Amino acid sequence: MTTVMDRETELATPPMLEFRGVEKIFRNGYHAITPLDLSIAKGEIVSIVGPSGCGKTTVLRMAAGLAEVSSGELVRRASEQAYVFQDPTLLAWRTVQSNVELVAKLKKMPKVERRTAAAAALETVGLTPFASALPRQLSGGMKMRVSLARAITSSPEIMFFDEPFAALDEFTRAKMSEVVLDLWRLQQFSALFITHSIQEAVNIAHRVVVMAARPGRIDRVIDSPSPPTQDGSARDTAALDDLTQEISGLLAFDH
Ligand SMILES: Nc1ncnc2c1ncn2[C@@H]1O[C@H](COP(=O)(O)OP(=O)(O)OP(=O)(O)O)[C@@H](O)[C@H]1O
Ligand SMILES: [Mg+2]
């Protein structure tokens with residue numbers, strides 16, 4: 001498989017998420033998002049970059065059903081969804097294993113199934129040896145890995161990320177996109193991934209949405225020249241670097 005799925009299957013499968021002329025006007029009258037059209041295919045990762053305040057979080061909150069749409073239509077076809085935010089929100093008195101199982105447990109996933117899914121997720125994020133550790137024994141990067149493992153244990157069809165790695169140091173952060181992609185290879189979820197890091201946006205996604213501010217809108221949607229693949233084959237880093245440069249230019253111009 002070279003892209004998300006072959007083109008025919010993609011066309012035959014309805015998108016996991018669709019924005020059709022979606023607008024957001026806050027109660028104070030602020031018109032945060034002007035009519036926005038975007039769809040995310042099954043198994044596709046779409047990232048969003050754009051200047052601070054352009055409406056990225058607003059778009060994600062509407063997509064996830066955490067905020068109302070003012071007008072237009074939002075179609076969500078996923079039956080299971082998960083969020084990953086900056087704060088890993090682990091329960092201090094529970095072990096890593098127990099934290100990873102928590103969301104699945106709340107969703108009443110049977111115990112054996114939950115155990116197996118959590119073990120696979122922990123293995124993928126590289127934390128099997130820490131299954132019995134408590135959160136305070138982990139570094140910031142490791143806590144984030146636990147948060148990622150917990151999010152996928154309930155088998156979400158779509159995942160929402162709002163700058164999940166912004167609080168991590170650059171070195172740790174660079175590895176996190178790869179962890180997300182490893183999880184994606186395990187479960188093939190669709191994802192909407194917001195980040196301030198253009199490099200991260202380019203590295204993680206099949207398509208990059210560049211937003212502009214005042215009013216919040218999509219400036220451009222760019223197909224990755226070398227998208228992540230299921231088999232983890234090597235990416236064309238030169239092409240990805242060029243895209244990073246191109247988007248940096250677009251955003252510099254916007255300010
Ligand atoms: N509840 C609200 N009421 C009124 N205005 C709001 C509300 N929430 C957000 N806004 C405004 O909407 C705009 C978009 O905010 P949003 O948080 O979506 O931006 P963002 O792109 O995520 O920014 P950042 O990169 O800083 O996280 C901002 O101008 C913000 O001030
Ligand atoms: Mg935001």
Side-chain angles (χ1 to χ4, degrees), residues 16-40 44-76 81-89 140 143-144 147-148 151 156 158-170 172-174 176-177 180 189-222 243-255:
M16 218 24 122
L17 185 74
E18 257 183 288
F19 285 81
R20 297 182 188 152
V22 168
E23 289 189 87
K24 181 68 182 181
I25 301 162
F26 283 107
R27 262 192 214 117
N28 64 2
Y30 182 66
H31 202 153
I33 303 292
T34 54
L36 186 137
D37 295 292
L38 179 70
S39 62
I40 302 182
E44 184 184 31
I45 304 176
V46 172
S47 59
I48 302 184
V49 284
S52 185
C54 70
K56 301 181 293 297
T57 294
T58 304
V59 167
L60 180 124
R61 285 176 52 81
M62 289 192 291
L66 301 171
E68 276 178 32
V69 167
S70 305
S71 65
E73 196 186 357
L74 203 146
V75 185
R76 226 175 313 128
Q81 59 182 41
Y83 323 92
V84 182
F85 301 129
Q86 231 177 80
D87 183 353
T89 61
K143 284 182 191 149
M144 184 46 74
S147 171
L148 291 169
I158 188 157
M159 297 205 35
F160 299 102
F161 299 89
D162 195 353
E163 304 199 39
F165 310 140
L168 302 175
D169 65 83
E170 218 171 308
T172 308
R173 182 172 187 160
M176 282 302 166
S177 318
V180 171
F189 46 78
S190 304
L192 188 57
F193 191 101
I194 290 176
T195 173
H196 264 117
S197 160
I198 300 170
Q199 202 179 0
E200 194 169 87
V202 166
N203 194 41
I204 212 156
H206 300 97
R207 274 189 302 151
V208 182
V209 172
V210 181
M211 283 186 67
R214 293 174 299 276
R217 62 195 187 278
I218 291 179
D219 182 28
R220 214 170 286 209
V221 181
I222 307 169
L243 179 57
T244 304
Q245 288 304 319
E246 185 191 331
I247 296 173
S248 303
L250 283 174
L251 290 174
F253 189 69
D254 194 58
H255 283 300

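Counting convention: from 1, in listed order, for ligands and their atoms alike. No hydrogens, no waters, no symmetry mates; every other heavy atom, side chains included, goes into these values. Sequence positions, counted from 1, serve as the residue numbers for this chain. Owing to the predicted nature of the structure, the values given are computational and were not obtained by experimental measurement.
Around the CD atom of Gln81, the shell of radius 6.0 Å holds more than 12 heavy atoms that belong to other residues, nucleotides or ligands. By the 6.0 Å contact criterion, CD on Glu73 is enclosed, its count of non-hydrogen atoms from other residues, nucleotides or ligands being greater than 12.
Excluding water, every protein N/O/S atom under 2.8 Å from the Mg ion (ligand 2) is given here by residue and atom: Thr57 OG1.
The backbone N or O of Gly216 lies less than 3.5 Å from a partner atom in the side chain of Thr34, making a donor-acceptor pair. Not one N or O on the side chain of Lys56 forms a donor-acceptor pair closer than 3.5 Å with the backbone of Phe193. In this structure, the side chain of His206 engages the main chain of Ile45 through a donor-acceptor pair within 3.5 Å. Listed for the Arg76 side chain is a donor-acceptor partner under 3.5 Å among the backbone atoms of Ala63.
The residue from Leu60, Val210, Thr195, Val209 that alone fulfils the side-chain contact (heavy atoms from CB on, under 4.5 Å) condition with Ile48 is Val209.
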Every pair of nitrogen or oxygen atoms between ligand 1 and the protein that is under 3.5 angstrom apart - can you list them with their distances to 0.1 Å?
from     : atom 1 : to     : atom 2 : distance (Å)
ligand 1 : 18 (O) : Thr57  : N      : 3.4
ligand 1 : 18 (O) : Thr58  : N      : 2.9
ligand 1 : 18 (O) : Thr58  : OG1    : 2.5
ligand 1 : 19 (O) : Gly55  : N      : 3.3
ligand 1 : 21 (O) : Cys54  : N      : 3.3
ligand 1 : 21 (O) : Gly55  : N      : 3.0
ligand 1 : 21 (O) : Lys56  : N      : 2.9
ligand 1 : 21 (O) : Lys56  : NZ     : 2.9
ligand 1 : 22 (O) : Thr57  : N      : 2.9
ligand 1 : 22 (O) : Thr57  : OG1    : 2.8
ligand 1 : 23 (O) : Gly53  : N      : 2.8
ligand 1 : 25 (O) : Lys56  : NZ     : 2.7
ligand 1 : 25 (O) : His196 : NE2    : 3.2
ligand 1 : 26 (O) : Ser52  : OG     : 2.5

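Remark: Pro35 engages Glu23 in a side-chain contact (heavy atoms from CB on, under 4.5 Å) (not counting sequence neighbours). Scored by the side chain to side chain donor-acceptor pair (under 3.5 Å) test, Ser70 finds no partners at all (sequence neighbours excluded).
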